Engineer: 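Next up is a structure, given as structure tokens.
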Amino acid sequence: MTVRVRIAPSPTGHLHVGTARAALFNWLYARHNDGVFIVRIDDTDRERSTAEFEADILESLRWLGLDWDEGVEVGGPHGTYRQSGRYDRYREVAGQLVAGGAAYYDDRSPEELGELRAQAQGEGRHPGHYIRRPETDAEVGAIRLSIPQDSPVTFDDLVRGTVVFEPRDLDDFVILRSDGTPTYHLASTVDDVDYEITHVARGEDLLPSTPKHILLARAMGATEVSYAHLPLLFGTDGRKLSKRFAAASLSVYRDEGYLSDAVFNYLSLLGWSLDAETTIFSRAEAIAAFDLRDVSSNPAIFDPEKLAWMNGEYIRALSPERFVEMVTPYVEAAVGRVLGPEEWQRFGSVAHLVQERTRLLPEAGEQVVFLFEDFDQYDESSWEKVMAREGVAGIITEARLRLEAVDNWKAEMIEPVLRGMLEEMGIGTGKGLQPLRVAVTGFSVSPPLFESMAALGKAKTLERLERALRRLAPS
RNA sequence: GGUCCCGUCGUCCAGAGGCCCAGGACGCCGGCCUUUCAAGCCGGAAACGCCGGUUCGAAUCCGGUCGGGACUGCCA
């Protein structure tokens, strides 16, 4: 039997990292089993759904590398894969269930229902305990599914094992509202049945809804699907990863220059592992090893620090050409303008050094601004730390003098000149080079000094040494 | 309140009765390298929530307990 899985985001916001992780696991499962991955849009909430969010969600999925075989935009044998176009079908199913006796109309008022719930709760029972089929059979109001009371609902969850729900703890839930629109339970279950979904892997928050979906599918005469309830993701504060958590949307990572491969790798590690040792692995390796049964059952905290580290690993693994290509927009953003060919050449000479010390792409830009713009001011803490020492002016003065005499302006030529100088002056390289670094780059932290000077050019380097001198000893 | 889920280093994951006085990764601490910062290398601190039971033997099985979470809508 062909494995058919789906992800069904609601276009009421950006793609949440939790949804992205669920999509990723579904995708891995489909790919591992040569199955079909489907993207369906659950847009029954007409008020809050927008085309912009839908486009953003699809773009995020593609960015993550999760291509789908059937679904919205790519099509398939089941129409639009958008719930908003299937209301007739949902109504049809609801009608059939009523006709077959599995569901019934209920026109009781919210107040009436509220009282029944309060009564049940007061007795320590399930809130919906007394919400059962009323005596009348008038065909008005909402439609509820009638929960069969004869036997417990049991299913084998791929990640949690056997889960049992007693029917007395289940209430007759609404499947079609009195305005004729379907509830989530109906729409989702009908789609899963119609699209012949074989495995439903979704967040653990839907575990309590699963018996409802099973009963609904059963009432429709459908074969049961397998379920896998994935552990929830939490923020570093230990609370649910909500929109309040700054980076809860996948688009944030895309926009801030994280690498798709790194985010994929990191997300796949939340609740799953390739083996006991491997942390960095490719999509292909993940596909080869993935199984929903291996997914951990306990919730995970999303750690931005580890993601950043992993992103750095992937950046370092990039080819030099690819690194320059990816970093281009960030460098130009940091400099504040578009760079010319000569400037890119300049950047190219230090790119490999920058690549080594970059975890997040925007950092790369910050490291090289000094190459293109005369900074307005020095980083004050760097200046204080380095320039306050005795003899600094002497070092810079001497360096300026000696560098002026260098004709072939290359790192290999600059290095012996400065090293020789420090040796003669009896100053250690650590102490001696820092003032030059601050003078030239404005910071006590920068790419290696000799290469930086070489890339900056002789004239600019000398100019900055003079400028630092002027600040040290204003005349 | 009720139902269900979860409980191994600060965090993510490995562990499916002896290989575990618990392993890998991030982070943290120390060292090496070094031109700063990174990277790299070496080393370190750091966990089986608790109590019982089963067993020759338990992180692994069972019960209880405590703690956390989800759900409890004519939201999804």
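All of these numbers come straight from a predicted model, not from anything done at the bench. Quick note on labels: first sequence line is chain A, next is B, and so on, each numbered from 1.
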Engineer: Can you tell if the side chain of A:L64 reaches within under 4.5 Å of the side chain of A:V263, non-hydrogen atoms only?
Structural biologist: yes
Engineer: Please examine the side chains of A:D191 and A:Y81, heavy atoms only from C-beta on, and report whether any two atoms are closer than 4.5 Å.
Structural biologist: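 Side chain of A:Y81 against side chain of A:D191, heavy atoms only: no contact under 4.5 Å found.
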Engineer: Return the nucleotide paired to B:C37: Watson-Crick means purine N1 to pyrimidine N3 with N6-O4 or O6-N4, wobble means G-U with N1-O2 and O6-N3, both under 3.5 Å.
Structural biologist: none
Engineer: Under 6.0 Å from the CD atom of A:E380, do we count more than 12 heavy atoms belonging to anything else shown?
Structural biologist: yes
Engineer: Under 4.0 Å between a side-chain N or O of A:R125 and OP1 or OP2 of B:G1?
Structural biologist: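 It does not, given that no N or O in the side chain of A:R125 lies less than 4.0 Å from OP1 or OP2 of B:G1.
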Engineer: Please state the C1' separation for the pair B:U11 and B:G7 - nearest whole angstrom.
Structural biologist: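 15 Å, rounded to whole Å.
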Engineer: Counting only side-chain nitrogens and oxygens, does A:R359 get under 4.0 Å of the OP1 or OP2 atom of B:A38?
Structural biologist: no
Engineer: Expressed as a whole number of Å, how far does the P atom of B:A70 sit from that of B:A45?
Structural biologist: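 It comes out at 36 Å once rounded to the nearest Å.
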Engineer: With rounding to whole Å, what would you report as the distance between B:A59 and B:G49 at their P atoms?
Structural biologist: 11 Å
Engineer: In whole angstroms, how far is the P atom of B:G27 from the CG atom of A:D303?
Structural biologist: 9 Å
Engineer: Specify the residue among A:R117 and A:D294 whose closest nucleotide of RNA chain B lies further upstream toward the 5′ end.
Structural biologist: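 Closer to the 5' end of RNA chain B: A:D294.
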Engineer: What I want to find out is whether A:R40 reaches A:D42 closely enough, with some N-O distance under 4.0 Å, to be called a salt bridge.
Structural biologist: yes
Engineer: Partner lookup for B:A58, please. Criteria are Watson-Crick or G-U wobble with both distances under 3.5 angstrom; report none if nothing qualifies.
Structural biologist: none
Engineer: Does B:U35 have its OP1 or OP2 closer than 4.0 Å to a side-chain nitrogen or oxygen of A:R357?
Structural biologist: no
Engineer: Taking CG from A:L206 and P from B:C4, how many angstroms apart are they, rounded to a whole number?
Structural biologist: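 It is 18 Å, rounded to the nearest whole Å.
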Engineer: Checking base pairs now: Watson-Crick or wobble, both atom distances under 3.5 Å. What partners B:C28?
Structural biologist: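 B:C28 is paired, partner B:G44.
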Engineer: Which one is paired to B:A70, where only Watson-Crick or G-U wobble pairs with both distances under 3.5 angstrom count?
Structural biologist: B:U3
Engineer: Quick one: is B:G68 close enough that its OP1 or OP2 comes under 4.0 Å of any side-chain N or O from A:N298?
Structural biologist: no
Engineer: Please determine, for the side chain of A:W309, which listed nucleotide (B:C13, B:A25, B:G69) has the closest atom?
Structural biologist: B:A25
Engineer: Salt bridge (Lys or Arg N to Asp or Glu O under 4.0 Å) for A:E224 and A:R218? Distances and angles first, verdict last.
Structural biologist: CA-CA 7 Å; A:E224 276 181 30; A:R218 222 177 258 172; 2.9 Å; yes
Engineer: OP1 or OP2 of B:U35 versus the side-chain N and O atoms of A:R437: is any pair under 4.0 Å?
Structural biologist: no
Engineer: Please state the P separation for the pair B:C51 and B:C66 - nearest whole angstrom.
Structural biologist: 15 Å
Engineer: When the P atoms of B:C32 and B:A38 are considered, how many whole Å apart are they?
Structural biologist: 15 Å
